[in-house]
Amino acid sequence: MAENSKSAEATVLNAKILKKLKGAFQAFDTKSDNTVDIKEIGTIFYSLGFFPTQADLQKFTSEVEDERSGYIHWDRFLPAMTKVLLEDKFPPIADELLLQAFEVLDIEKRGYLKPEELTNYMTKEGEPFTQEEMDEMLTAFTDEEKKHIYYKDVIPHLTLERKM
Amino acid sequence: MGCGVTKSNHLHKHTTSSGRAIRAAILIQRWYRQYVARTEMRRRYTWHIFQSIEYSGEQAQIKLYNFLGYLMDNFTPSSNERNLISHIFRENEVCRDAEWERYFCYKNIEVPEIYSGPHLTFPLTVEEAVGLVEAFRNKKQLHSRYVLQLLLETWKLLRMLPNINRISTCHSKEITICGDLHGQLEDLLLIFYKNGMPSLEKPYVFNGDFVDRGRDSIEILLILFAFLLVYPSDVYLNRGNHEDHIVNLRYGFTKEVLNKYKMHGKRILKLLQKIFSWLPLATVIDQKVLVLHGGISDSTDLGVLARVDRHIYISALRPPKKRHHSLAGISIDSDTDVDTAAISRVFQRRASFTYPKPLGTRDCFQNRSLQDFSDRIRVNMENQLELSRREEPILNAQINKPEQESLILSTDSVSSDTAVDEWKQILDLLWSDPMTQDGCIPNEVRGGGCYWGPDVTEDFLNRHNLQLIIRSHECKQEGYEFCHNRKVLTLFSASNYYDVGSNRGAYVKLGPDLVPYLIQYQASSMTRELTVRQSVGRTERSALRVLREQLFAHKSDLLCAFRKFDSENTGLVSLNDWASAVESVMHLDLPWRMLRSQLVTCKNSEGTIDYYGWFNELAITGSKTDHIDQSLLETLYRHRSTLETIFRIVDTDNSGFISMQDFRQTWKLLSVYLKMEITDEAISDLAITIDSNHDGSIDIDEFMEAFRLTDKKSRLERGRSMFMGTTSDLTKLEGDPNI
């Protein structure tokens with residue numbers, strides 16, 4: 001009995017999710033032939049509300065890539081994504097954690113970070129930013145006058161409503 | 001989610017502080033990348049919205065022109081009455097140049113003492129050309145006397161140029177190539193600032209679309225022509241699809257000139273018509289790189305293009321007409337201002353019209369039409385003809401004439417085939433777009449030219465021994481884009497084209513190695529330069545506003561579609577059904593479910609949408625328009641661009657006013673074109689709304705203003721401060737579902 005309800009639940013979940021996946025996929029299907037460029041996989045994941053690391057993305061990509069073309073066809077994308085969803089591989093990160101993360105980096109608890117400090121963390125630790133990503137982030141988040149990053153102001157921006 | 005909590009504990013429990021820092025950094029990185037990805041999604045559909053609407057506008061313009069052309073071909077105006085629209089079809093070949101010189105004579109135009117703009121002397125000097133740029137930078141306007149003089153000199157020069165300019169990068173010269181400018185003077189000034197002005201050491205090629213949409217089209221033309229005159233071997237201009245008076249009617253250039261030059265604007269426009277037709281079609285660099293505005297098709301042949309009489313194609317939208325003096329006694333191409341009958345005659349059922357002039361048999365029209373909507377019009381026109389036939393028995397005799405006259409025409413058919421082929425070559429050159437798939441198909445989105453594939457590029461380059469095609473015509477976010485294995489380069493030089501921050505502009509430098517070196521820029525009057533990602537928010541809001549307007553304009557069709565999903569008449573549809581219905585009507589291929597939150601605010605908690613409520617949100621408001629029938633307003637709104645175009649065509653003296661009678665004729669014209677019923681009463685209502693001083697004339701601009709769409713949401717957004725520096729405000733807007 002329990003098994004039945006579980007699979008029924010799974011089916012219902014799939015119908016809704018399917019529409020979401022299809023929508024995200026189609027947004028990048030520029031040739032209208034049911035394929036997307038491999039390079040867009042990250043964007044698709046993120047836009048669906050998942051938080052894979054770069055390593056996760058690489059792993060996913062290598063499993064589904066069609067070697068010849070550099071594109072993924074919907075027919076391979078869908079089962080792989082379904083697996084990702086069912087196994088909850090890249091769970092979303094709670095919003096509150098973001099604030100805590102910034103506070104960890106703000107050692108002196110000033111309420112802001114200096115651009116050099118943020119740059120240091122973002123480009124040297126974890127999965128480092130490219131120069132372009134760093135420049136962009138700084139331009140976007142540095143306060144004009146004080147030249148600091150007031151992360152409390154920045155956070156609402158990063159945590160906008162994600163649903164489709 | 002259980003995982004979230006675990007991670008949180010993990011953060012705090014970790015003993016090494018650097019370990020914590022690393023985890024924190026990773027978290028922030030992932031969040032940021034996610035934010036960027038979401039922004040990318042938004043950017044894509046924003047782009048798509050603007051582009052679809054832009055192209056469908058072009059398509060609408062072509063359809064309108066075809067429709068008017070069909071009228072012209074099939075119903076001869078009788079003498080004694082003013083022809084509403086024939087003047088836009090007049091090809092001006094009959095008069096000799098001497099007569100033209102008289103018409104364009106500037107000598108009687110005096111420049112008053114108080115004029116503070118630049119003075120020009122001819123032959124033009126470099127200092128004067130540079131001075132012109134400075135003057136325009138300082139917002140001066142060139143006096144019409146100098147405008148006409150400059151244009152005349154330009155016309156003389158252009159007539160001597162070949163269809164295809166052939167230039168070389170000898171003497172280690174780098175050639176600079178610019179794409180579409182579309183009246184955006186700031187971009188041209190920025191290019192000159194970064195790259196230097198044209199000179200003997202600095203040759204330039206400008207690849208068409210200098211005018212329309214931007215505010216300073218005439219200034220751009222004057223600058224380009226001035227440098228052309230001063231450095232004729234170092235400045236090259238290619239014609240674009242917007243160097244076309246028909247397109248200019250819709251996209252703003254005509255309006256701009258008439259506003260800036262109230263007295264002589266009409267003459268200036270006429271002279272520009274000739275100049276546009278004399279613009280060269282393409283440029284070849286070092287016999288290896290082809291620069292042209294739109295693109296190619298599988299039938300493009302540079303040999304043919306080099307031989308055509310390019311100046312007979314005043315507008316690329318219509319093949320040049322053969323003159324048939326024999327037929328009517330009055331040549332339709334005559335450029336005299338002799339009174340000719342109003343097309344309006346067609347619609348006045350009681351009046352007769354003179355014999356129809358069958359310049360085109362059905363087949364001929366098919367060849368010439370760019371869209372196959374001729375069926376619709378044919379049926380419509382035949383009905384009209386039938387009706388009039390019944391009412392006027394005299395006509396029958398005359399209608400039999402066509403048989404004989406068509407015989408005369410058939411002998412022209414051989415030469416007209418060549419003419420059609422030549423015309424297609426030019427059309428393809430100016431209007432085509434590249435596609436990713438192989439092959440060559442008609443460009444139905446724009447209504448002219450083709451979509452051509454990488455195989456066509458390959459074949460074309462081989463046949464002509466070329467290595468690269470540089471074209472423009474399409475806006476690209478980075479200002480440029482390679483395709484077809486880097487054999488085709490699209491170059492677009494109008495930054496912020498759709499809206500502030502929508503895209504960069506770019507220009508290309510080509511040295512003797514013929515390797516394209518690209519420079520990007522973005523004209524911005526803001527103090528802080530927005531990254532393209534940041535400005536998505538602002539562009540997106542614009543796009544959404546435009547989209548809402550489009551949705552409202554299709555209200556009736558949408559209601560129909562919704563009702564199909566709502567068999568029980570609850571007034572509610574599910575989110576999925578809403579999205580399907582909207583796509584089935586709008587055909588814009590957008591992710592409607594994603595856009596839903598931006599377009600509809602009255603969503604119920606069960607996830608259904610109250611569609612009547614939604615339309616109320618979008619409704620046109622305004623005291624002036626309350627008494628007007630909503631469906632008429634909707635139609636009017638949907639076709640407002642076409643309506644405005646027709647108004648401007650009808651306004652033959654370009655005064656900005658049309659008489660009440662012409663106003664009614666316009667509506668009749670539109671009602672036939674749209675195949676819809678507009679009652680006389682409805683027209684009167686409209687007229688009364690607008691003619692507030694009751695003097696019997698309608699102010700075109702005022703009319704268009706009165707019917708501008710407003711909706712609550714966009715008003716709210718207009719009141720907000722900009723994206724820059726107000727991140728918290730923005731959050732509030734997007735987080736609050738009730739706004």
Side-chain angles (χ1 to χ4, degrees), chain A residues 19-20 23-24 26-28 30-33 40 42-47 49-54 88 91-94 96-98 100-105 107 118 121-122 124-129 133 135-137 139-141 143-144 151 153-164, chain B residues 1-5 7-8 11-12 17-18 20-42 44-45 48 435-437 527-534 575-576 579 589-597 724-725 727-728 730-732 734-735 737:
Chain A
K19 274 240 146 66
K20 256 193 184 179
Q26 277 170 350
F28 292 93
T30 48
K31 298 188 292 177
S32 303
D33 63 352
E40 308 280 23
T43 313
I44 296 179
F45 264 104
Y46 288 124
S47 68
F50 300 119
F51 288 83
T53 61
Q54 304 290 72
D88 198 23
I93 304 172
E96 308 81 61
L97 289 184
L98 192 55
Q100 286 178 23
F102 274 109
E103 283 173 346
V104 163
L105 299 184
I107 303 171
L118 188 60
Y121 284 120
M122 295 291 106
K124 301 223 167 59
E125 310 287 5
E127 292 181 326
F129 275 0
E133 281 177 306
D135 288 341
E136 229 168 49
M137 188 192 219
T139 322
F141 296 147
D143 178 276
E144 255 292 89
Y151 47 83
D153 295 334
V154 156
I155 284 173
H157 208 67
L158 287 172
T159 60
L160 285 176
E161 188 186 299
R162 298 196 294 277
K163 71 179 172 73
M164 282 169 63
Chain B
M1 305 274 324
C3 302
V5 174
K7 280 213 164 63
S8 154
L11 251 181
H12 289 295
S17 61
S18 65
R20 282 179 67 196
I22 292 173
R23 292 211 179 279
I26 293 179
L27 201 128
I28 295 172
Q29 284 160 347
R30 281 159 73 179
W31 268 103
Y32 182 74
R33 285 178 169 132
Q34 216 246 21
Y35 157 71
V36 160
R38 283 201 322 271
T39 313
E40 177 62 19
M41 283 292 251
R42 286 158 65 202
R44 273 164 197 267
Y45 68 69
H48 192 148
M435 62 175 175
T436 44
Q437 299 98 314
T527 49
R528 186 169 77 168
E529 198 188 289
L530 291 172
T531 63
V532 176
R533 287 197 218 279
Q534 286 172 285
L575 179 53
N576 288 346
D589 200 23
L590 291 170
W592 295 104
R593 296 178 79 250
M594 268 181 74
L595 295 171
R596 197 269 322 147
S597 59
M724 253 174 35
T727 50
S728 44
L730 191 67
T731 312
K732 282 197 208 122
E734 290 186 86

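Chain letters run A, B, ... following the sequence lines, proteins first and then strands; every chain starts at 1. FYI, side chains are in, hydrogens and waters are out, and symmetry mates aren't considered; it's all heavy atoms of this structure.
Scanning both residues, B/Q29 and A/M122, for their nearest heavy atoms gives NE2-O, 2.9 Å. Across every non-hydrogen atom of A/L105 and B/A21, the tightest pair is CD2-O, 3.6 Å. Of all heavy-atom pairs between A/A101 and B/A24, the closest is O-CB, 3.4 Å.
Here B/I28 contributes atom CD1 and A/I155 contributes atom CD1; the two are 8.0 Å apart, rounded to the nearest 0.5 Å. Summarising the geometry, atom OH belonging to A/Y121 is positioned 13.0 Å from atom CD1 belonging to B/I26; distances are rounded to the nearest 0.5 Å. A distance of 14.0 Å separates CZ of B/R23 from CD of A/Q100, quoted to the nearest 0.5 Å.
Ring orientation note: the planes of B/Y32 and A/F141 are nearly perpendicular, at an angle over 60° on the 30°/60° scale.
Interface residue A/F102: backbone and side-chain heavy atoms are both found under 4.5 Å from chain B.
By the salt bridge (Lys or Arg N to Asp or Glu O under 4.0 Å) test, A/E133 is found to be paired with B/R33, residues two or more places apart in sequence or in another chain being considered.
The candidate from A/L98, A/L118, A/T43 with the greatest count of non-hydrogen atom pairs under 4.5 Å with chain B is A/L98.
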